[in-house]
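Taking it in order: structure first as structure tokens, then the write-up.
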Amino acid sequence: MDKEQEKRIVKRFFTKRIQDRVLFELSSEKKRVKALNRLCHDYDKTLIPD
């Protein structure tokens with residue numbers, strides 16, 4: 001996915017406390033899987049409830 005598009009998605013839907021960490025993880029091929037797993041397992045803590 002386009003890096004700018006990912007950044008817009010993270011800034012719009014992820015809570016502020018975790019945004020920088022998710023962007024960091026998405027930028028790394030090794031850590032990308034960890035960022036995506038957050039959506040599967042910790043979505044209630046990761047995403048903005050609205």
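Residues Y43 and I18 fall within the same hydrophobic cluster, defined by Ile, Leu, Val, Met, Phe, Trp and Tyr side chains chained together at heavy-atom separations under 4.5 Å. Placement of F24 and I9 in two distinct hydrophobic clusters is found when ILVMFWY residues are connected by side-chain heavy-atom separations under 4.5 Å, directly or transitively.
For CZ of R17, the number of neighbouring non-hydrogen atoms (other residues, nucleotides, ligands) closer than 6.0 Å is greater than 12. For NZ of K11, the number of neighbouring non-hydrogen atoms (other residues, nucleotides, ligands) closer than 6.0 Å is greater than 12. Within a 6.0 Å radius of NZ in K3, other residues, nucleotides and ligands contribute more than 12 heavy atoms.
Atom-to-atom distance recorded for E25:CD and R38:CZ is 4.0 Å, nearest 0.5 angstrom. From T46, atom OG1 reaches atom CD of Q19 across 11.5 Å, with rounding to the nearest 0.5 Å. One distance of note links CZ of F14 with CG of L47; it measures 5.5 Å at 0.5 Å rounding.
Residue K7 forms a side chain to side chain contact (heavy atoms under 4.5 Å, CB included) with just one option from L23, L26, D2, and that option is L23.
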